[in-house]
Amino acid sequence: MSALRSAFMNEFAARGHLHQCTNQDGLDALMMKERVAGYIGFDCTAPSLHIGNLTQIMRLRVLQRAGHKPIVVVGGGTTKVGDPSGKDETRQLLTDAQIEANKLRHMEIYRRFLKFGDGATDAIMVDNAEWLDTLQYIPFLREVGRHFTINRMITMDSVKLRLDREQPLTFLEFNYMIMQSYDFVELFRRYGCRLQMGGSDQWGNIVSGIDLARRTDNVELFGLTSPLITTSSGAKMGKTAAGAVWLSADMLSPYDYWQYWRNVEDADVGRFLRVFTDLPLDEIAQLESLKGAELNDAKKALANEATALCHGRAEAERAAETSRQTFEGAGMSANLPTVDVSHDELAKGIGVLAAFTRAGLTTSNGDARRQVSGGGLRVNDEAVADEKLLLTSAHLREGVVKLSLGKKKHVLLKPV
RNA sequence: GGGGGAGUGUCCCGAGUGGCAAAGGGGGCGGACUGUAAAUCCGCUGGCUGACGCCUUCGUAGGUUCGAGUCCUACCUCCCCCA
């Protein structure tokens, strides 16, 4: 394997995206020679996209930056089948209406991260339902199905995992690989797409598509996979207490998004800066070389850049400022999340336990009670010692009551 | 179609065969220490209640019993073997 020459491959590798490539030298040469259209497929299984999907989107950004053409394939068709890769049980089937609703929300998100349009390097978005929904069973089996052997398919990791674990793999899911393979061929035919990227778990699906294209269209397509991004402590990325780290503001506020990045482990900062921001690599190297507490500056840079990409620069700055006031200043920030209560209610007094539960900081009165005994709840920065405490207008500071769970989670109770 | 096995605290794994709100672990949350980090140590991890206590929970529905996750019956789902 010779040294990489193309701008794309160099940056792709330098940012830690390169895991496996079907023909690295061949792809590198192609990238030098011409503008390449490359795609990544996203299924519409969840109402929003999360950080795990973001790693893929960032790869398309690298592709676009290097002067090539990204294709976002929204899996309106494949979602109806359900990818078994990396799943040890069957996904629940979504209705067509759910898939459609998810798809529309996803499309908004892609538009924030990539430049779409008609230009040569503008990204395009296509829905594989366009060609999958209308497939005829028998003709499809004859044209495409005959190129797949069961012998080979059952050696694929996605299939093997289920068989080895004695978990059911339905025939529906078994077909996913074929759908995805066909997608690649179809994208080549329609858009001249030569490259498919994806997570390392997509290797089998990608290679199948390449094989299929060679047989049906006598053309060499390329596959490029990326390592699964985990935190240095080995956990899958993007999970917080509340769930996934979503890219939609209505599912995870820009402030919480900023906080997620601000709180990554030391060992992850450099890696994450390379993957989740566009900062120049030399700048990242410098940030990464900071020692001890100074690394916090690198984390702030990560939080600022990542949030700006997702929610815009203004929201990123607001989140940074809210965080600064909350954690580094003396006071509190009015921009913290708020929960409304009526004046009347507050005048009569609200039990602390109920107040924290209403603010969403605790899940029930019992949970709140346990937190009190563990010393985890604070009102206006003072620990709650008595679970019978009544919050009243007397607790208002600058018009709000500040409720805190632990050191990091704060909500303002605001009378209206 | 026949035979054998499995489904446990709705985050996951997993012990439990008549007294169970149910062992243990992971994960998560909180506390101490720090740098809004990691590691470590400690506490918590079904709902209601100030508390005694009450309520809901072991695939589903019935039954036996003072009492059932545990026994019986039917059903559902899955796995394995045979056809």
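Given the structure is predicted, the values throughout are model-derived calculations rather than measurements. Here is the naming used below: chain letters follow the sequence lines, and residue numbers restart at 1 for every chain. Note that these values count all heavy atoms, side chains included, but never hydrogens, waters or copies made by symmetry.
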When all nucleic acid strands are considered with a 4.0 Å heavy-atom cut-off, which category describes A:Val269: base, sugar-phosphate, or nothing? nothing
When all nucleic acid strands are considered with a 4.0 Å heavy-atom cut-off, which category describes A:Ser323: base, sugar-phosphate, or nothing? base
For atom [atom1], what is the distance between [N] and [M], given to the nearest Å?
N      : M      : atom1 : result
B:rG26 : B:rA74 : P     : 42 Å
B:rG31 : B:rC80 : P     : 48 Å
B:rC42 : B:rG46 : C1'   : 24 Å
B:rU73 : B:rC20 : P     : 26 Å
B:rG35 : B:rC54 : C1'   : 47 Å
B:rC58 : B:rA22 : C1'   : 9 Å
B:rG24 : B:rG4  : P     : 36 Å

Problem set entry | CZ/A:Arg313: more than 12 non-hydrogen atoms of other groups inside 6.0 Å |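 More than 12 heavy atoms, drawn from other residues, nucleotides or ligands, come within 6.0 Å of this atom.
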Look for any protein N or O under 3.5 Å of an N or O in nucleotides 49-54 of chain B and output each such pair with its distance, or none.
unit_1, atom_1, unit_2, atom_2, d
B:rU49, OP2, A:Asn365, ND2, 3.1

*Would you indicate, yes or no, if B:rG31 has its OP1 or OP2 atom less than 4.0 angstrom from a side-chain nitrogen or oxygen of A:Lys408?*
no
Please determine whether a side-chain nitrogen or oxygen atom of A:Lys409 lies at a distance below 4.0 Å from atom OP1 or OP2 of B:rG30. yes
Sequence neighbours excluded, the answer for ring-ring contact (aromatic ring centres under 6.0 Å, His included) partners of A:Phe42 is A:Tyr110
- Can a salt bridge be assigned to the pair A:Asp381 and A:Arg397 using a cut-off of 4.0 Å between side-chain N and carboxylate O?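 Looking at A:Asp381 and A:Arg397, the cut-off is not met.
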Would you call A:Asp122 and A:Lys115 a salt bridge, taking side-chain N to carboxylate O under 4.0 Å as the test? yes
In the strands shown, is [N] matched to any nucleotide by a Watson-Crick or G-U wobble pair with both distances under 3.5 Å, and which?
N      : result
B:rC78 : B:rG5
B:rC71 : B:rG63
B:rG30 : B:rC42
B:rG50 : none

Name all pairs fulfilling the salt bridge (Lys or Arg N to Asp or Glu O under 4.0 Å) condition that reach into [range], sequence neighbours left out, sorted by first residue then second.
range                       : answer
residues 361-375 of chain A : A:Arg369-A:Glu387
residues 341-360 of chain A : A:Glu345-A:Arg358
residues 59-70 of chain A   : A:Glu11-A:Arg65, A:Arg61-A:Asp278, A:Arg65-A:Asp278
residues 125-135 of chain A : A:Lys80-A:Asp133, A:Lys103-A:Asp127, A:Glu130-A:Arg190

Please give, in whole Å, the distance from [N] [atom2] to [X] [atom1]?
X        : N      : atom1 : atom2 : result
A:Asp266 : B:rG35 : CG    : P     : 12 Å
A:Phe356 : B:rG30 : CZ    : C1'   : 12 Å
A:Leu302 : B:rA37 : CG    : C1'   : 13 Å
A:Arg262 : B:rU34 : CZ    : C1'   : 13 Å
A:Asp367 : B:rG30 : CG    : C1'   : 10 Å

What nucleotide among [options] has an atom nearest to a side-chain atom of [X]?
X        : options                : value
A:Ser364 : B:rG35, B:rC29, B:rG47 : B:rG47
A:Trp258 : B:rU36, B:rG35, B:rA32 : B:rU36
A:Arg370 : B:rU45, B:rU36, B:rG30 : B:rU45
A:Gln371 : B:rG31, B:rC29, B:rG35 : B:rC29
A:Leu405 : B:rU34, B:rA37, B:rG30 : B:rG30
A:Lys299 : B:rG35, B:rG31, B:rU36 : B:rG35

With the criterion being N/O to N/O and under 3.5 Å, what pairs connect the protein with nucleotides 55-57 of chain B, and how long is each?
none

In short, side-chain hydrogen bond (donor to acceptor under 3.5 Å, both in side chains) pairs touching residues 141-150 of chain A with sequence neighbours left out are none
Rounded to the nearest 0.5 angstrom, the CD-OG1 distance for A:Gln196 and A:Thr22 is 10.0 Å
Cut-off 3.5 Å, no hydrogens considered: what does the side-chain donor-acceptor table look like for residues 281-288 of chain A, sequence neighbours left out?
unit_1, atom_1, unit_2, atom_2, d
A:Glu288, OE1, A:Arg274, NH1, 3.2
A:Glu288, OE2, A:Arg274, NH2, 3.2

